[in-house]
Amino acid sequence: MPLLQVLRPTLPILIGASIMLTLSMGLRQSLGIFMQPLTHDIHISISDFTLALAVQNLAWGFLQPLAGAMTVRYGFRPIMIVGSLMYIAGLALMATAGGLVSIMIGGGVLIGTSMACTAAAIAMSVAARAVPATVRSTVLGIVSGAGSLGALLSAPIGQLLNEGFGWRIGLAGFVVMSVLMIPAAWYAGRVDKIPLPKPAADDIGDASAATAARTAFGNASFVVMTCAYLVCGMQLVFLTTHLPSYLAICGLDPMLSAQTLGMIGGFNVLGSLFFGWAGQRWNKLALLGGIYILRSLALAWYFVLPATPFSTLLFGAIMGFLWMGVGPLVAGAVAEMFGLRWQAMIQGLAFMSHQIGSFLGAYGGGVLYDALGSYTMAWRIGVALGLAGGIVQVAFALVRPSQPPAPVLRTA
């Protein structure tokens with residue numbers, strides 16, 4: 001049966017989840033554009049700004065399991081709408097900031113909490129519940145790919161507003177864009193009306209949240225995936241936070257940073273589609289390890305050579321292809337191992353590790369730059385840890401492959 005025909009009844013849900021995801025991820029990934037003018041204007045340091053983004057990542061990570069558990073009790077729609085409202089409030093507070101406190105609360109706490117309610121773990125759980133298991137990995141790749149378009153659009157828009165009218169108007173433009181998250185979340189919330197499949201004897205669907213968490217951390221494949229996930233967050237948030245600053249140090253056109261983030265967003269689409277398709281056919285956890293290894297090699301290549309516009313855009317394309325392809329692989333692996341009911345919560349537990357890495361990438365990169373005057377030590381640490389995490393992930397996935405999808409996951 002053609003894929004479109006299979007998905008037609010749930011298209012409003014999938015489109016809503018995709019738009020919500022593309023805005024929440026895209027706007028957040030583009031905040032580094034405003035770092036230099038914002039910090040200069042309100043007299044805070046680079047490490048102060050990156051500390052706010054690090055708090056954002058920690059709030060996102062540590063609240064993600066709670067948001068996932070709350071969807072089981074209250075449904076997806078109210079959680080996603082409240083998260084959308086918090087995103088708007090966080091951006092508005094940043095746009096009117098006069099000091100570090102507003103940046104910390106708006107860009108850190110509010111946006112971080114919102115991401116736990118609107119970003120990948122929730123959007124992927126919505127998509128996973130809405131479609132049959134036979135096409136789930138492919139659909140997760142499509143939703144992740146659609147969710148990647150946000151950076152492709154928001155980074156150039158933000159840079160144009162920033163250069164033409166100042167960083168406050170740029171962030172105000174982001175506020176206007178974020179309002180679209182509310183109707184998107186409303187349509188995605190239709191998934192609450194889709195019943196869960198009847199659980200099989202070995203499924204954890206009827207378990208409590210505490211039992212589901214213990215089951216997850218008792219699974220060796222899940223534990224290794226979670227530990228390696230730390231490297232993913234560290235590398236990606238280091239880039240989105242510090243690449244604009246690095247390019248400014250190299251004396252390159254400020255618009256190049258927006259173009260590179262846009263390039264990352266564009267190739268995110270291709271990478272998400274590819275890894276969603278690949279995850280339907282090959283070992284998802286081995287593919288994850290391969291992504292971490294290739295990213296690390298790309299980081300080493302780019303930072304060893306002198307930065308040029310061509311090498312920067314090519315680097316953005318390579319990293320973009322390897323960026324959000326992680327999303328459908330992690331979501332698909334969690335659904336295979338544990339079922340759908342607690343997917344958002346268990347995926348959130350893994351995501352806590354990702355966000356600890358994000359904290360280290362954002363804040364650690366700023367601290368090392370302030371202390372050493374360059375990003376050399378930061379990228380070297382990122383490369384070394386990425387290679388180690390990727391190799392361990394691939395090796396363990398091949399020695400101890402995760403269980404294939406259980407029959408319970410084949411929804412009608």
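Heavy-atom basis, side chains included; hydrogens, waters and symmetry copies ignored.
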Ring geometry between Y229 and F351 (parallel below 30°, tilted from 30 to 60°, perpendicular above 60°):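 The rings of F351 and Y229 stand perpendicular, inter-plane angle above 60°.
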
So do the side chains of [X] and [Y] get within less than 4.5 Å of each other, counting heavy atoms only?
X    : Y    : value
V191 : T10  : no
I391 : Y292 : no
T39  : D48  : no
F275 : W282 : no
Q235 : L299 : yes
I293 : L297 : yes
M94  : S102 : no
C117 : V82  : no

Does [Y] offer a backbone N or O that forms a donor-acceptor pair with the side chain of [X] under 3.5 Å?
X    : Y    : answer
R168 : A95  : yes
S353 : A350 : no
D192 : G75  : no

Would you name the heavy atoms of [X] and [Y] that are closest together and state the gap between them?
X    : Y    : answer
V394 : A286 : CG2-O, 3.6 Å
S296 : L387 : OG-N, 3.3 Å
A123 : A17  : CB-O, 4.0 Å
M181 : S24  : CE-CB, 3.8 Å
P65  : M345 : O-CG, 3.4 Å
A228 : G389 : CB-O, 4.1 Å

Pair T215-N219, side chain to side chain contact (heavy atoms under 4.5 Å, CB included): steps then yes or no: CA-CA 7 Å; T215 301; N219 184 301; over 6 Å; no

Rounded distance (nearest 0.5 Å) linking atom [atom1] of [X] with atom [atom2] of [Y]:
X    : Y    : atom1 : atom2 : value
I103 : L53  : CD1   : CG    : 9.0 Å
R380 : L385 : CZ    : CG    : 14.0 Å
T118 : I182 : OG1   : CD1   : 11.5 Å
L63  : M352 : CG    : CE    : 9.5 Å
L313 : F267 : CG    : CZ    : 10.0 Å
M177 : T22  : CE    : OG1   : 8.5 Å

Test log, rule side chain to side chain contact (heavy atoms under 4.5 Å, CB included), inputs R295 and V231: CA-CA 10 Å; R295 277 185 191 166; V231 174; over 6 Å; no

Report, as yes or no, whether the 6.0 Å neighbourhood of atom [atom1] on [X] holds more than 12 heavy atoms from other residues, nucleotides or ligands.
X    : atom1 : result
W186 : CH2   : no
R73  : CZ    : no
Y187 : OH    : no

With no hydrogens and no angle check, do the side chains of [X] and [Y] hold a donor and an acceptor under 3.5 Å apart?
X    : Y    : answer
Y87  : T113 : no
S154 : S30  : yes
W60  : Q56  : no

Residues M104, V55; criterion side chain to side chain contact (heavy atoms under 4.5 Å, CB included); working and verdict: CA-CA 8 Å; M104 191 69 68; V55 168; 3.7 Å; yes

Trace of the side chain to side chain contact (heavy atoms under 4.5 Å, CB included) decision for K284 with L288: CA-CA 6 Å; K284 294 178 177 63; L288 278 173; 5.8 Å; no

Aromatic ring proximity, centroids under 6.0 angstrom, F49 and F34: no

